[in-house]
Amino acid sequence: RNELFITVQRCRDLQSRSSQQPNPYVVYKFFDFPDYPTATVGNRSHPEFNDLKSYSILMDEDLDQYLKTEVLQFYVFDYKEVQMDTYLGKARVPLLPLTRDQEVSGVFELADPSGRPAGCIAVTLRWKLPYCPSPGVTMATEEAQLFSEHHVGGVVDPNQEQANVEAEKTNRRMEDVKEMLQEEKEKLVNPHSKAAVAAISKVALPRIRGQKTQERDGAGAKRVTFVDVTPAEDKVGFSFILFGP
């Protein structure tokens, strides 16, 4: 675990919706923690908050993903405002530097609900300990880097990747068929026993996906008879069908 410190220091140039000075306070929500409000400063357009909040956090993959993809939004409200959901200004603070063990500190511009400038806010975010993501996060990052290096120089087409995989599988099946045909050919040339001949007649060659299978004894099939030339007591005659292309 680690601890993150968030400090809301001050705001400047706040504009109230009324003629009076605002009673400002700041609200923000970090990660999956509840909304956090600062204390209210009365009648100030340039309030000093110096509000420090600490969060004890488990350094897991969810946190790492949050810090890399989200921003922390600070809302400044006026306690005098009748409409509770109307804010004076909003600032967006990046969280990515925290994943590099860097402090986030500065003055950020506030924008009102219509997007116009509404003053500024000074905040600081820092770790108590060096940022060290869990081993699972580190491993996932390394795998992503390896993938990026493997495909450097071009865009990966998922369809092409799948086509390449299927082509490789088909090539392996073709090689297997060629090996089996070669073995059967050698047995035919050198038939030493009845068992060998019987085994040959029962061999079922594997079908290759995408190839059509012709009907036995149908069009395109040829009947060939082989006669064994071994002595009479071992002579065996047999036949099988060769299928045309």
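- In this structure, the side chains of Leu4 and Tyr131 stay at 4.5 Å or more apart for every pair of heavy atoms.
- A distance-only check finds a donor-acceptor pair linking the side chain of Asn23 to the backbone of Asn43 [under 3.5 Å].
- In this structure a side-chain-to-backbone donor-acceptor pair under 3.5 Å is present from Trp127 to Leu98.
- The minimum heavy-atom distance linking Asp78 with Ser16 is given by the pair OD2-OG, 3.6 Å.
- The heavy-atom pair separating Val104 from Pro97 by the smallest distance is CG2-CB, 3.8 Å.
- Using cut-offs of 30° and 60° on the angle between ring planes, the pair Tyr25 and Tyr79 is perpendicular.
- Checking side-chain atoms of Lys80 against main-chain N and O of Gln21 turns up a donor-acceptor pair under 3.5 Å.
- Note on ring orientation: taking the six-membered ring where Trp is involved, the planes of Phe77 and Tyr87 are perpendicular (angle over 60°, cut-offs 30° and 60°).
- Two residues are said to be in side-chain contact when any heavy atoms from C-beta on lie closer than 4.5 Å; Val71 and Val93 fail this criterion.
- Annotation for Lys29: atom NZ counts as buried by contact number, over 12 foreign heavy atoms lying within 6.0 Å.
- When hydrophobic clusters are built by joining Ile, Leu, Val, Met, Phe, Trp and Tyr residues whose side-chain heavy atoms come closer than 4.5 Å, directly or via intermediates, Phe33 is grouped together with Ile6.
- Considering every non-hydrogen atom in both Ser45 and Pro22, the closest pair reads OG-CD, 3.8 Å.
- Applying the side chain to side chain donor-acceptor pair (under 3.5 Å) test to residues at least two apart or on different chains, the pairs with a partner in residues 98-108 are Ser105-Thr124.
- Residue Leu63 holds its CG atom at 10.5 Å from CD of Gln65, rounded to the nearest 0.5 Å.
- Phe108 and Val123 get closest at one heavy-atom pair: CE1-CG2, 3.6 Å.
- What you find for Pro133 and Asp64 is that their closest heavy atoms are CB-OD1, 4.3 Å.
- Hydrophobic clustering (ILVMFWY, side-chain heavy atoms < 4.5 Å, transitive): Phe31 and Leu95 are in one cluster.
- In this structure, the side chains of Leu88 and Gln15 stay at 4.5 Å or more apart for every pair of heavy atoms.
- Connection of Leu96 to Leu72 is not established within any shared hydrophobic cluster, with ILVMFWY side chains joined at heavy-atom distances below 4.5 Å, either directly or through further cluster members.
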Indicate every side-chain donor-acceptor pair of residues 47-56 with a distance under 3.5 Å to a residue at least two apart or in another chain.
residue, atom, partner, partner atom, Å
Glu48, OE1, Arg10, NE, 3.3
Glu48, OE2, Arg10, NE, 3.2
Glu48, OE2, Arg12, NH2, 2.7
Asp51, OD1, Tyr36, OH, 2.9
Asp51, OD2, Tyr36, OH, 3.1
Ser54, OG, Glu3, OE2, 3.3
Ser56, OG, Arg1, NE, 3.4

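- A search for salt bridge (Lys or Arg N to Asp or Glu O under 4.0 Å) contacts involving Glu109 returns nothing, not counting sequence neighbours.
- In this structure, Gln73 CD and Tyr28 OH are separated by 14.0 Å, a value rounded to the nearest 0.5 Å.
- A heavy-atom distance below 4.5 Å is found between the side chains of Leu129 and Asn2.
- Shortest non-hydrogen contact noted between Val76 and Cys11 is CG2-SG, 3.9 Å.
- Checked against a 6.0 Å centroid threshold, the rings of Phe30 and Phe74 do not count as neighbours.
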